[in-house]
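Working notes for the structure below.
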2 protein chains.
Amino acid sequence: MQLTLKDIARMVGVAESTVSRAINNKPGVGEDTKQKILSIAKQFNYRPNQLARGLANKQTNMIALFIAEMKSPSAIEIISSIEKAANQAGYQVILCNINHDLAKEKAYLELLDTNQVDGAIFAGGQLADEHLIKASLSGENKIILLNRLTEELLLPSVITDNSRGTYLATEHLITQGAQRIALLTDENESLIKEEKVSGYQKALEEHAIAYNQNLVIDSQGSREAGYHAFLELINLSDPPDAFLATNDLLTVGLVEAIKMGGYFIPLDFLLVGYGDNLLTSIFDPSLTVVKEPYQELGQKAVDFLTDSLAGKKLAEMIVVLDPVLKIRKSSIKN
Amino acid sequence: MQLTLKDIARMVGVAESTVSRAINNKPGVGEDTKQKILSIAKQFNYRPNQLARGLANKQTNMIALFIAEMKSPSAIEIISSIEKAANQAGYQVILCNINHDLAKEKAYLELLDTNQVDGAIFAGGQLADEHLIKASLSGENKIILLNRLTEELLLPSVITDNSRGTYLATEHLITQGAQRIALLTDENESLIKEEKVSGYQKALEEHAIAYNQNLVIDSQGSREAGYHAFLELINLSDPPDAFLATNDLLTVGLVEAIKMGGYFIPLDFLLVGYGDNLLTSIFDPSLTVVKEPYQELGQKAVDFLTDSLAGKKLAEMIVVLDPVLKIRKSSIKN
DNA sequence: AGTATTTCCGCAAGCGCTTGCGAGAGTGGG
DNA sequence: CCCACTCTCGCAAGCGCTTGCGGAAATACT
């Protein structure tokens, strides 16, 4: 059986409250008794019951991490950066894999209502915004959005500059000679998708290339979707000469389809993908990608959350981080 | 402010205990009052405070998931399968990314001592076995091992048949004409590594091929290690004609090095990797791999844990699942 | 020496929920 | 009509911890 405060109190011969104060390093306990308490506590390996503590304090030091799509290689970057930052800040993270399932999102939202977590970070996805709003307003639930846009900016958010990512990529492709650039988007991230499209359009405009609706394929954002997008595009009367896939799963599917079709990159098509991970290093030729600053995204989201849990007023409601274009071989015609 | 049992009790005009029993569907409360209670509770969206409940019940419905190496693509398979299974069983999972860091493992072990979780699953890794044993014996902490071997079988474990995986792979390579098969292992999983080596040796023996110590490279199991292993092997007086990499990071690094060296697969070397994920689909030529049954591993580990939390005697202490060899092009000389 | 402070510590209530026990009301059998 | 029983429900203690308040002891001040 676990030792309790009461046990320690009895052993030392003081009241529970004194032990509590000593353990938590609070004022109001003499130096000598404090030392005695601490030494006994350590000797018997006393561990405060966090449930009881949480009940009394109304905080759990746990946060929920909602992940829209776990299979994506970049998700793991986000997850581990958040785990790391949270851990350093003294929080545990509960993994909530939403998998684009509204029911799961709702179910996991209960964690907030039932006081099991102090706050939550929503990474990606675009489901059930009303629920989020309601959740964040109903309690004093602290919710941070990461790479997830809502209609109105009601929740603290940290995102990458999505239009800049596609802008950089598109412009790069154009300077490499591409004229008909296909854009593969993920309909699950509706608002973010719009930003990505707008960056793409801006680059086209600047180079006086007409926007062609046929070259923009909106899909489920999955690997299969990437695959099918290629099949659809290749059958156009005026097929693309370059591709820009806006997430890593789409990128993989697209590449698979290109290979299946017997085409070569960058010979037949130029290609810029998304996400920078193991894939890009192994892919031949090496992949040019838009890379998001995963580490910073996670860190910033946790900072937001811990600050707001600590009751601090946030200096800003949103922080926008820049993606970088990692130019490799897949987008260079040689 | 959150509604409490007391609030509901006052509204309905009964005692807290009655409300509690009604909510938890326990006997001892009349059908009509029960309905009245439930309807009011629903109407006001009452949510029991899980901390308080946990304190009274001595259980949290949370489990800790210890992951040795999160960057590995197969880790995500394990993680999501466990999250799914745990979720279905009514448990939340706390992500504990150990990252081969003993200090972090110890720190996260506190979750068990402080009653924040009901149990834990250790996936991979080979650190601090004494701590595990101590933790599992000290409290009634329920700990399950997944793909992690200990000296003595003290904890319920679910693993893949490691020697079978390397046996299958090695034999396959031999039948494809390989004579000097290099084996890349991960020293972090010491006991599992031994099994893998033994499967490799068994296949060699059966085909009367002498075991050559120089062809076995033990390393940190990282991508870099895979890369360097190749450099080391290629400089042997009698370099290998085939490679078997025993985890997915090693596989990636190895492939990178092979490409950097200007060699072609399967022309110059046959190759069998580990893990079956996005990589294998994108790699050209497609990778032959040993695939572990991630889904089943996770499910079984969770079953073990929930059974033992429910107080059931486990039918067996260990379950061993078979890996399968997915034969693709990288190991077929054509 | 007497009073005013300060320091140290214990008492007890409270966090929100569960549960053993017993009282009262209702039912049936003799 | 009375007793024995069953069904409902409330009382109160308890889970392990925190914290406001007040008392006692120790120190400071006139």
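Residue numbering restarts at 1 for every chain, and letters A, B, ... go by the order of the sequence lines. Only a predicted model underlies this, so the values are computations on that prediction, with no experimental measurement involved.
Contact check, A:K26 against D:dT19: a side-chain N or O comes under 4.0 Å of OP1 or OP2. Between B:K58 and D:dG16 there is a side-chain N or O to OP1 or OP2 distance below 4.0 Å. Put simply, B:Y46 has no side-chain N or O that comes within less than 4.0 Å of OP1 or OP2 on C:dG16.
Across all strands, B:P48 comes closer than 4.0 Å only to sugar-phosphate atoms, never to a base (heavy-atom distances). In this structure, A:N115 reaches neither bases nor backbone, as no heavy-atom distance under 4.0 Å exists between it and the strands shown.
Atom CD in A:Q116 sits roughly 12 Å away from atom P in C:dC17 (whole-Å rounding). Going from atom CD of A:Q50 over to atom P of C:dC15 covers 20 Å, rounded to whole Å. The CD-P distance, from A:Q59 to D:dT18, rounds to 11 Å in whole Å. Rounded to whole angstrom, the span from the CG atom of B:N24 across to the P atom of C:dG20 amounts to 13 Å. A straight line from CG of A:N49 to P of D:dG14 spans 18 Å, rounded to a whole angstrom. Summarising the geometry, the separation between CG on B:L55 and C1' on D:dG16 is reported as 6 Å, rounded to the nearest angstrom. Rounding to whole angstrom units, CG of residue A:N25 and P of D:dC17 are separated by 17 Å. The separation between B:R53 atom CZ and C:dT18 atom C1' is 10 Å, rounded to whole Å.
The closest donor-acceptor contact from the side chain of A:E69 to the backbone of A:A75 lies at 3.5 Å or more, if one exists at all. The backbone N or O of A:Q220 sits less than 3.5 Å from a side-chain atom of A:N188, completing a donor-acceptor pair. Remark: the backbone N or O of B:E16 is not paired with any side-chain donor or acceptor of B:S20 at under 3.5 angstrom. For the pair A:E83 (side chain) and B:N97 (backbone), a donor-acceptor distance under 3.5 Å is present.
A:F66 is linked by a ring-ring contact (aromatic ring centres under 6.0 Å, His included) to A:F122, counting only residues two or more places apart in sequence or in another chain.
Of the N and O atoms on the side chains of A:N87 and B:Y108, at least one donor lies less than 3.5 Å from an acceptor on the other residue. Checking B:N147 against B:E292 by side-chain atom types alone, a donor-acceptor pair falls below 3.5 Å. Judged by distance alone, the side chains of A:K34 and A:N25 do bring a donor and an acceptor atom under 3.5 Å apart.
Side chains of A:D113 and A:E110 form a contact here, defined as non-hydrogen atoms less than 4.5 Å apart.
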Please write out the pairs of protein N or O atoms and N or O atoms of nucleotides 8-11 of chain C separated by less than 3.5 Å, giving the distance to one decimal.
unit_1: C:dC9; atom_1: OP1; unit_2: A:T33; atom_2: OG1; d: 3.1
unit_1: C:dC9; atom_1: OP2; unit_2: A:G30; atom_2: N; d: 2.4
unit_1: C:dC9; atom_1: OP2; unit_2: A:T33; atom_2: OG1; d: 2.8
unit_1: C:dG10; atom_1: OP2; unit_2: A:A15; atom_2: N; d: 2.7
unit_1: C:dG10; atom_1: OP2; unit_2: A:T18; atom_2: OG1; d: 2.5
unit_1: C:dG10; atom_1: N7; unit_2: A:S17; atom_2: OG; d: 3.3
unit_1: C:dG10; atom_1: N7; unit_2: A:R21; atom_2: NH2; d: 3.3
unit_1: C:dG10; atom_1: O6; unit_2: A:R21; atom_2: NH2; d: 2.5
unit_1: C:dC11; atom_1: N4; unit_2: A:S17; atom_2: OG; d: 3.0

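For DNA chain C, none of the residues of residues 37-45 of chain B falls under the heavy-atom distance limit of 4.0 Å.
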